[in-house]
Every structure is written in C-alpha cells, then in structure tokens.
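Please read the structure below before turning to the comments.
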Amino acid sequence: MDEERLKTARAIALRALARSACSQAQIERRLAKHGFPDDIIAQVIEELKARGWLDDARFAQDWVADRADRKRYGRRRLVEELKARGLTQDLLETTLPPLDPEAELQRARAAVARRWPPGSLAHLEGEALLAEKRRCAAFLARRGFDNTIIKKVLEELTSK
C-alpha cells in the first residue's frame, strides 16, 4: 500500500513539474493537498532533488529572468512572488542579483512605453495631468517598482 502511494505521489509531483517549474514548497503543498503523509512527501522531494529536477536556487533565478525581462516587473514584485511560492528570505538574498538602479529604471521605462511614450504627458495640464500621473504611478507600483524609480519615469513623461 505504501509503495503504491509513493508511486502516486511521484506521478503527481512529476506532472506538476512537467507543466511548469515549481519550488520545493509548491510541490510539498500540492502533495499535502492530496493527503500524502510527511514521510512520503519528504521521500519524493529528496528523489526529485537527487535527480536535479527540483532546485529552489535555479527556480528563483529562472523566475526572475523570465518575469523581469518578459513581464517587466520590478524587484519588489519579483521578491513577493517568490515568497508566495515558498522561497525563504535567505535563499532570495543569495540568488537574486543585487539591485541595479539603472536596469530597474530601464525596465520601468519599457513597462510604460506602450501606454505612455516618453513626453506623452507633456501636453496635459491641471486635473488631466494629475489623473494620468496617478494612473501611471499606480501601474508602476503594481509592477513592483519603488517610488524613486516611479518619480524618475514620471519626470521623463512630463518633460517636453
């Protein structure tokens, strides 16, 4: 009976990894949701790690590379998403590259470029300008950029 449950747990974990990369915590949660005991979960996790199919450090690096470039997220959002996937603060500090303000500013510019091209707010005045600046700032904040980056981008958008 135990060998059958172990086989089922392996299959569930492998299906999850086949769909997308997962952290160790995500696999543990998925197996726990299916009612597997801790010893079976631990055994499956160890097997996956031994084969190189489960590596939180590599997962974090790949996640950041994908989300930062493709989705143009700021560092704060990247960290929060990784924490939600069960990665520890210690692991995040060792795997995430140090904050590069210039790269962060470039990502913020790229994130707003389609909606607000450079100088696009320069012709607005009064309430219309304030409303558009609020929309842009909220957009960048949701993307995980900090206030100094948001302020620089807004200055660029309003300059002629």
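None of the values given here were measured: they were computed from a predicted structure.
A 6.0 Å sphere centred on CD of E125 holds no more than 12 heavy atoms belonging to other residues, nucleotides or ligands. Annotation: E127, atom CD; neighbour count of heavy atoms from other residues, nucleotides and ligands within 6.0 Å does not exceed 12. Other residues, nucleotides and ligands contribute at most 12 non-hydrogen atoms within 6.0 Å of the CZ atom of R114. Atom CZ of R19 sits in a crowded spot, with more than 12 heavy atoms from other residues, nucleotides or ligands closer than 6.0 Å.
Here K49 contributes atom NZ and D56 contributes atom CG; the two are 7.0 Å apart, rounded to the nearest 0.5 Å. The line from CZ of R5 to CD of Q43 is 12.5 Å long, rounded to the nearest 0.5 Å. The line from OG1 of T148 to NZ of K152 is 6.0 Å long, rounded to the nearest 0.5 Å. The line from CD1 of I149 to CG of L140 is 9.5 Å long, rounded to the nearest 0.5 Å. Distance CZ/R58 to CD/Q61: 9.5 Å, rounded to 0.5 Å. If you take OH on Y73 and CG on D66, they are separated by 9.5 Å, rounding to the nearest 0.5 Å.
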- Task: Under the side chain to side chain contact (heavy atoms under 4.5 Å, CB included) rule, what do I12 and F36 come out as? Steps first, then yes or no, please.
- Result: CA-CA 11 Å; I12 290 170; F36 292 103; 3.6 Å; yes

- Stepwise side chain to side chain contact (heavy atoms under 4.5 Å, CB included) check, F59 with L82: CA-CA 9 Å; F59 171 76; L82 288 170; 4.1 Å; yes

- Item | Verdict with reasoning, L130 to R134, per side chain to side chain contact (heavy atoms under 4.5 Å, CB included) | CA-CA 6 Å; L130 289 175; R134 275 194 297 268; 4.0 Å; yes

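Salt bridge status for R143 with E104: absent, with no side-chain N to carboxylate O gap under 4.0 Å. Look at E81 and R77 and you find a salt bridge, because one of the NZ, NE, NH1 or NH2 atoms lies within 4.0 Å of a carboxylate O, short of that distance. The pair E132-R135 counts as a salt bridge, with a side-chain nitrogen and a carboxylate oxygen less than 4.0 angstrom apart.
The two residues F145 and R107 have their closest heavy-atom pair at CZ-C, 3.8 Å. Taking all atoms of both residues into account, the shortest heavy-atom contact from C22 to A16 is SG-O, 3.8 Å. Here the closest heavy-atom approach between residue R72 and residue A110 is recorded as NE-CB, 3.1 Å. Between I41 and E28, the closest heavy-atom pair is CG2-CG, 3.9 Å. Taking both residues in full, the closest heavy atoms of T158 and K133 are given as CG2-CD, 4.1 Å, listed atom of the first, atom of the second, then distance. A9 approaches I40 most closely through the heavy-atom pair CB-CG2, 3.7 Å.
No side-chain N or O of T88 forms a donor-acceptor pair with one of D90 less than 3.5 Å apart.
Looking at residues two or more places apart in sequence or on another chain, you find a side-chain hydrogen bond (donor to acceptor under 3.5 Å, both in side chains) between E47 and R10.
Within the 3.5 Å criterion, the main-chain N or O of R85 finds a donor-acceptor partner in the side chain of S23.
In this structure, R115 satisfies the cation-pi test against F139, with its NZ or CZ atom closer than 6.0 Å to the six-membered ring centre and inside 45 degrees of the ring normal.
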